[in-house]
Amino acid sequence: MTAVTPTPADPVETGTLRDRFEETVARDRRVEPRDWMPEEYRRTLIRQVAQHAHSEIIGMQPEGAWITRAPSLRRKSILLAKVQDEAGHGLYLYAAAETLGADRADLTAKLLAGQQKYSSIFNYPTPSYADVGTIGWLVDGAAICNQVPLCRSSYGPYARAMVRICKEESFHQRQGYELLLTLMAGTDAQRAMVQESVDRFWWPALMMFGPPDDRSPNSARSMAWGVKRHTNDELRQRFVDMTVPQAERLGVTLPDPELRWNAERGHHDFGAVDWAEFAEVVAGRGPCNAERLARRRAAHDEGAWVREAATAYAAGQAAAAAVSP
Ligand code: FAQ
């Protein structure tokens, strides 16, 4: 997709363009690529959309490792389709970032250089097959909780990409839950495998929503602009409330002794997230950060010939179009 040339940076600080932008946001309408927008709005969107796109692409790795070891043809084809979906999500999101004037090759270079982030969750290992189910249930579940409100994000291309992504993520969540239900109906060893996997993924899944509100530098402004619709803590609470009954139905224990229903609040109380661990993972020192980036760099290098061939083909097509009557 061709990058759209951005509108000039903040041409009139106090003029009709800014007023029009503010009005669009205030009236809950969509900002579109050719509309004037403040540079800070553009920058924060590129930051969030790029981080989201990178997460989808890096997020193919933890489950992708199980494609060759899936226990049946049915499970293998489901997993293949899911991992391919994540690649598709990455592409819609890079395309959305391009409408803001970003360049996909540049975003990829920044990811590979460790200059742009991707979700902390994908830096945790997947040593057991139950992790495929747990990722579907908890990780896609958290992703849906976070992303359904983004279907109403103020930036049109991002909001529209989210609609399709959420439909697919919701299918992913159900396939994960179904996989876990199947394992839970199996042997004691299979049930133990599920519990062990849930124990490892529960807290990292809560970290996906980002730092607590009083330590989230971007939230207030992103909410004022309608880029985000809820705070990190609101969405984390929603996820906990949604997941507890699902865990009960599944027959697993969530690894938090402080987790209990609070009738007064009408929500579940839960224990403290280890924010020091989150900071370490985001800083690049999680269990699999080095491995994930090394794999992504290798895949990028191995794909160089595809990019070269596609560029040569596009140039050939353009040359043919130029000489055709
Ligand atoms: N990991 O001020 P805030 C998926 C960073 S789902 C790493 O609160 P913001 C589907 C944040 O960027 C996962 N970094 O930031 C899938 C900021 O750093 P910066 C992707 C994190 O933007 C499922 C700093 O901390 N989903 O891929 C994380 O207002 C299964 C301060 O934070 C999305 O990206 C984190 N968890 O709120 C794929 C959803 N949290 O840039 C495969 C869209 C925060 O200032 C398999 N994104 N940081 O240097 C969002 O909703 C927001 O960007 C948040 C963060 C909520 C993630």
Side-chain angles (χ1 to χ4, degrees), residues 1 21 24-33 35 37-38 40-59 82 85-102 104 107 116-122 135-136 138-174 205-213 216-243 282:
M1 187 170 178
F21 169 81
T24 304
V25 170
R27 291 188 173 209
D28 235 354
R29 295 201 182 125
R30 297 283 166 273
V31 178
E32 296 297 340
D35 295 342
M37 59 189 87
E40 271 305 301
Y41 176 85
R42 185 190 302 279
R43 255 199 300 274
T44 206
L45 266 164
I46 292 176
R47 179 188 64 77
Q48 177 166 326
V49 176
Q51 178 187 310
H52 195 164
H54 298 330
S55 303
E56 300 281 358
I57 299 298
I58 297 274
K82 180 186 191 289
D85 284 352
E86 311 299 0
H89 299 174
L91 297 188
Y92 312 150
L93 289 164
Y94 284 126
E98 285 186 320
T99 68
L100 290 154
R104 181 171 152 195
L107 297 180
Q116 278 183 347
K117 298 183 169 79
Y118 59 89
S119 181
S120 49
I121 191 72
F122 302 117
I135 289 181
L138 294 180
V139 176
D140 285 277
I144 293 165
C145 211
N146 168 269
Q147 288 166 31
V148 165
L150 294 175
C151 297
R152 292 185 297 108
S153 182
S154 58
Y155 187 58
Y158 188 37
R160 288 188 287 274
M162 277 301 125
V163 174
R164 179 155 175 190
I165 290 176
C166 284
K167 284 192 178 141
E168 293 178 352
E169 301 290 27
S170 116
F171 173 75
H172 295 169
Q173 199 257 0
R174 280 179 241 175
L206 294 191
M207 294 175 196
M208 286 175 70
F209 295 91
D213 293 350
S216 163
N218 301 298
S219 273
R221 202 179 41 189
S222 286
M223 296 218 0
W225 276 330
V227 171
K228 279 167 78 163
R229 295 291 178 176
H230 300 280
T231 71
N232 300 353
D233 285 334
E234 281 166 7
L235 293 172
R236 193 170 4 255
Q237 178 72 65
R238 188 179 284 189
F239 175 69
V240 172
D241 290 341
M242 180 182 100
T243 308
V282 174

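Nothing fancy with the numbering, it's 1 onward along the sequence.
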Pair Arg229 + Asp28, salt bridge at N-O below 4.0 Å: yes
Which atom of Met242 lies closest to which atom of Gly141, heavy atoms considered: CE-O, 3.8 Å
Of His54, His52, Arg104, the residue whose pairing with Tyr94 passes side chain to side chain donor-acceptor pair (under 3.5 Å): His54
Partner set under side-chain contact (heavy atoms from CB on, under 4.5 Å) for Val148, not counting sequence neighbours: Ile144, Cys166
Separation between CG of Asp213 and OG1 of Thr231, rounded to the nearest 0.5 Å: 3.5 Å
Gap between atom CG of Asp85 and atom CD1 of Ile165 - 0.5 Å precision: 10.0 Å
Results of side chain to side chain donor-acceptor pair (under 3.5 Å) for Ser154 - residues two or more places apart only: Tyr41
Closest heavy-atom pair and its distance - Val49, Leu93: CG1-O, 3.3 Å
Between Asp233 and Gln237, a side-chain donor and acceptor under 3.5 Å: no
Atom pair CG (Leu206) and CG (Asn232), whose distance is rounded to the nearest 0.5 Å: 12.5 Å
Least distance between heavy atoms, Ala142 atom then Ala205 atom: CB-O, 4.3 Å
Euclidean distance, Ser55 OG relative to Lys117 NZ, rounded to 0.5 Å: 11.5 Å
Under 3.5 Å: donor-acceptor pair, side chain of Thr99, backbone of Ala96: yes
Gap separating the CD1 atom of Ile121 from the CD1 atom of Ile135, nearest 0.5 angstrom: 7.5 Å
Closest contact, heavy atoms only, Pro149 versus Leu235: CG-CD2, 4.1 Å
Gln48 vs Thr44, side chain to side chain contact (heavy atoms under 4.5 Å, CB included): CA-CA, chis, key distance, verdict: CA-CA 6 Å; Gln48 177 166 326; Thr44 206; 5.8 Å; no
Worked check of salt bridge (charged side-chain N to carboxylate O under 4.0 Å, His left out) between Glu234 and Arg238: CA-CA 6 Å; Glu234 281 166 7; Arg238 188 179 284 189; over 6 Å; no
For Glu32, side-chain contact (heavy atoms from CB on, under 4.5 Å) partners two or more places apart: Arg30, Asp35, Pro157, Arg160
Tyr155 side chain reached by Leu100 side chain, heavy atoms, under 4.5 Å: yes
With Arg152 via side chain to side chain donor-acceptor pair (under 3.5 Å) - residues at least two apart: none
Side chain to side chain contact (heavy atoms under 4.5 Å, CB included) evaluation trace for Val139 with Phe122: CA-CA 9 Å; Val139 176; Phe122 302 117; 4.1 Å; yes
From CA spacing to verdict: side chain to side chain contact (heavy atoms under 4.5 Å, CB included), Ile57, Tyr118: CA-CA 9 Å; Ile57 299 298; Tyr118 59 89; over 6 Å; no
Greater than 12 external heavy atoms within 6.0 Å of Phe21's CZ: yes
Partners passing salt bridge (Lys or Arg N to Asp or Glu O under 4.0 Å) against Lys82 (at least two apart in sequence or in another chain): Glu63, Glu86, Asp140
Ring geometry between Phe239 and Phe209 (parallel below 30°, tilted from 30 to 60°, perpendicular above 60°): tilted
Where Gln116 and Ala50 come nearest, the two heavy atoms and their spacing: OE1-CB, 3.7 Å
Reported CG-to-CD distance for the pair Leu107 and Gln51, which is rounded to 0.5 angstrom: 12.0 Å
Nearest heavy atoms of Met208 and Ser119, plus distance in Å: CG-OG, 4.1 Å
Contacts of Arg174 that satisfy salt bridge (Lys or Arg N to Asp or Glu O under 4.0 Å) - sequence neighbours left out: none
Donor-acceptor pair between Glu169 and His172 side chains, under 3.5 angstrom: yes
Donor + acceptor pair across side chains of Tyr92, Glu56 (<3.5 Å): no
